[in-house]
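As structure tokens, the structure follows; a few thoughts come after it.
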Amino acid sequence: MVQLKPIRMEEAARYLGYGTTKPDEVILSLMKECEAPLLQACHPAYSYGIFDVERAGEELVLLRDCALQLPGADIARHLEGCEKAVILAATLGANVDRLLRKLQVSSMPKALLTDAMAGAAIEQICDDIQEEIRQQMPLYRQTWRFSPGYGDLPLSLQETVLSVVEAGKRIGLSVTKGSMLSPAKSVTAIIGLQNMEQISGALHLNVPEEAAGCGTPGGCASCRFGASCGLSAVKKEKQGEV
Amino acid sequence: MIKILDGAMGTQLQQMGLKPGGIPEMLNLTEPDKIIAIHRAYIEAGAQVIYTNTFGANRYKVRRSGHSVQELIGAAVKNAKEALLQSGAGEDVKVALDLGPIGALIAPLGDLTFEEAYDIFAEQVRAGQDADWIVLETMTDLYETKAAVLAAKENSDKPVYVTMTFEPNGRTFTGTSIASMALTLEGLGVDGIGFNCSLGPLELAPMVKELYTRTKLPIFFKPNAGLPDPLTGQYNVDAKEFAEMIATLLPYGLAAVGGCCGTTPEYIRALSQAVRKFESEGAHLEKEEEKEYEELTKKREACPLGVCCASQAVFLDRPRVIGERLNPTGKKRFQQALREQDMDYILQQALSQVEAGADILDVNVGYPGIDEKEMMCRVIRALQAVVDVPLQIDSNDPQVLAAALRIYNGKPIVNSVNGEEKSLASILPLVKRYGAAVVGLTLDENGIAAKAEERFAVAKKIADRAALCGIDKKNLLIDCLTLTASAEQEAVAQTLRAVQLVRDRLGLPGVLGVSNISFGLPYRELVNTTFLTMALQNGLMLPILNPNSEAMMGVMRAYRLLMNYDKNAVEYTDAYKNYVPAAKAEAAPLAAAQKPSGEDAAAKKIGLELSEEAMQLYYAVVRGLASEGERLARQLLETLAPMTIVNQILIPALDTVGDGFEKGTIYLPQLILSASVVQGAFARIKEYLAGSGAAAESKGKVVLATVKGDIHDIGKNIVKVLLENYGFTVIDLGRDVEIEAVVLAAQKHEVKLIGLSALMTTTLGSMEQTIAAVRKAGLDCRIVVGGAVLTQEYADRIGADFYAKDAKETVDIARKVYGVS
């Protein structure tokens, strides 16, 4: 079960346009003030299913025993070499939307900060879910979260994605006619699972600790497995990032 | 006799090989035999009610299936009937038309309208007319549930049963509480309510018990087979345990029991046996259980009048406060807000009353020149999107009340009906139909009677008529009318006496508009608080007052403490533990207003020559001192003209911050913080202008809208705040705005600038269409677009005049278009 944690303020600040600059004391204390009501409004819930990747063509990916078909070159590339795929839906719940509406009436600065912090919170929840999956399936490394609407994967897939994991019933997540998630602070994603036993050893061995994981050109930032492929060197880099 | 309902359909279908994400209702057509077999298995296990395989058979969910709702539901009902026939069950087994949530939410949660939701359910109800019952299950949104219940009741004469799905925190996903579900659905006249899905019988047991104390309707219970294992999906309660757990709850008003996810015919067989055993032998309760049952039954019998919004129920188990501020009478600023459709002002008034302790808000929008029906619905929709207290709908126009009651999300109070025949005949049936509570005013064709006994007689007449209309006495409140003490001094005692008579002889709680008592007198608060105390003592339960008056709220808190409502003085102590007498508080220095060093130079640089006080406001904006804007503006208005404050202090201060923002030395939150200080100052200035009857000088009008299909509007709202800061009048059309609405608003208000926002690539199409429609209408206005996915290039491509990368740039564009500084 994922737990609510202190919100990563650096991440929220990044959403607010601060980049790597630290917000001043006034803003930081206002963010702190917004944190408790936000955490109180959050009822994180998630639902996911893990499916075998059945056929990875150039423009279409099918999943075994699943009605979801994933069209497009980008998702095909994302899932290339992946034995399985996780279909994930997660949400902070409807109360957060309500809190944000209320704040937009009573205090726009707080609304702005809370909105960014809620954005950070849902990403944290997704990170935790990926960690949970990692613990269950330690032999698989995970790609980053690819969502409908990215690249050439149509946003209109949202509805089927939600239906595959019974998101309406299980976590109260639905989609609007315009394919937007409701509650708004929610994520749907497709995560590729690559069986590390099947990957050629050369890719992972004899890499200097300080190098980016497997030596992929461009390092972890440009790799679909991101900083989550399970290599110690990568882990170290990830810690440096946070 | 307790009815046995069936078990899971979905679980069975998955075992048959239904793929996740597939449409289960298709099987009604493609695999009717399998569906019939499932129904038969449940009937053979003892089910007396089978739910049709139509959970998601609505227009929205099946739109890509290639089949109509009529085909899918028609086939499903036919399959269920066929199962009855094959099993030889006959009339004993009922076929229930099973309707689940639409799969898309009503605004503000989603983008459906209440009326669209109604139509979707109405179509299903008509398609399933051959079924014996209508069951709504797994509902999570009270508003959607209300639409469904109305659709069911207005399109068929079948009994309607509703089960909602609750999470471990005792609320549905959308925040509906158990009490709110009970009050609202009981009011709407459904035939039974309860729970299904989400959790097992053990986890739901406390909720069944709570519901038992909140309703006398038959309770339906269809829990899951425990909780699923996250890895395997297997449920953790077996058939025997499942039946045993439910059996212990049977005394708590359970009238129909079955199973949801993870249950099979085996569960229903065990359950059926347990229920029959209970019916022949009674409950086997342990001593502790017996005690709990007795206590809850007592609580159930004593349940007082309750009203609610979706998230919060308010019970009249103690005197409660109705906030009076949402009312244009004698309030120039509120009148202006109504004329300008300024929802933000109205919402701010609402939130400040709730924060001050109002339990319920009265809403009155009757004012010459305002379409009361349209405005009432608009205000109610806006209020229920942000305010968590029940509303009292204040109008004497039956048409306004009918429209408002229909779209209200919860159980409201109607204010009011009176003893006139016309009023009784038109308003009481509405109260009954929509299940509201109602205030009866003790006046009739002869006006307001002088004597208490005569007012009592009118109250009695209203009570009798309400009873004839089938309105539960518990839903009636009486307002014996407060007359102004300065005009009719001797009437005060009569009002108090009438309140007492109504309490003692009719057992009905009193409502009074308190503030009216002191009209025309000096030091009104003193008269108001004294009268409030006297009235409470005489049976007033729901004073309508200004909760922002600390003195009035003080009386309420002290009264609740002294009369032992506020047990252990918890509420009182919480409110006053840090109480400092006003004289001492004022003596404290205002540190925040002190002038910071080194900022004079910054102000001088932009050529400002301002007084000390004016400089303080300037600094307050630049430094983002949120609470200072309103206070300093109030001071300055004593010596400076409103527009001087705007043009010479607020806008230059904002420009200073804006320059920093453009240079990258100041970030968006700081800019918005400064903007909110200006917003506070502006609120004060507007109030001042409204009071003096002058109109605020506008720099120009701008229509803002988040385009059709897009519900993310925080960016647009930030732009709005900043534009208003700079003295522009914003006509805010909201989000998910129809293309024609933008054109109409631009025409009507003769604006030179329209601002459109969109967050997603999918809604850029409707942005392009909106621009095309504005061009086609031949309007002489410019269009600025913004939003996360927009670029200058894209703005050019879809024919916008400007692309603004942020709120500040939108202001610069507006200034350019209107040629103002």
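We name chains A, B, ... by the order of the sequence lines, and we start the count at 1 in each one. Just so it is clear, the model here is predicted, and its values are computed rather than measured. All values below come from the heavy atoms of this structure, side chains included, with hydrogens, waters and symmetry mates left out.
- A/F51 touches chain B through its side chain: at least one heavy atom from C-beta onward sits under 4.5 Å away, while N, CA, C and O do not.
- The contact between B/D388 and chain A is made by backbone and side chain atoms together, counting heavy-atom distances below 4.5 Å.
- Below 30°, between 30° and 60°, or above 60°: for A/H78 and A/W144 the angle between ring planes is above 60°, a perpendicular geometry.
- A donor-acceptor pair shorter than 3.5 Å can be found between the side chains of B/T163 and B/N196.
- Proximity to chain A (any heavy atom under 4.5 Å) is shown, for B/P101, by neither the backbone nor the side chain.
- For B/I718, the parts lying near chain A are the backbone and the side chain together; criterion is any non-hydrogen pair under 4.5 Å.
- With a 6.0 Å radius and a threshold of 12 heavy atoms from other residues, nucleotides or ligands, B/Q15 has its CD atom above the threshold.
- Using a 4.5 Å cut-off between heavy atoms, B/E137 does not touch chain A at all.
- Contacts between B/D736 and chain A at a heavy-atom distance below 4.5 Å are absent for every atom of the residue.
- For B/D111, the salt bridge (charged side-chain N to carboxylate O under 4.0 Å, His left out) criterion is met by no residue, not counting sequence neighbours.
- Options A/C66, A/A94, A/S179, A/G178 differ in how many heavy-atom pairs under 4.5 Å they form with chain B, and the most are formed by A/C66.
- Heavy-atom distances place no part of B/S198 under 4.5 Å from chain A, backbone and side chain included.
- Contacts between B/T140 and chain A at a heavy-atom distance below 4.5 Å are absent for every atom of the residue.
- Looking at B/R171, neither its backbone nor its side chain comes within 4.5 Å of chain A, counting heavy atoms on both sides.
- Ranked by heavy-atom pairs under 4.5 Å with chain A, the list B/G100, B/S311, B/G103, B/S766 is led by B/G103.
- Looking at A/E132 and A/Y48, their side chains do bring a donor and an acceptor atom within 3.5 Å of each other.
- Contacts between B/Y60 and chain A at a heavy-atom distance below 4.5 Å involve backbone atoms as well as side-chain atoms.
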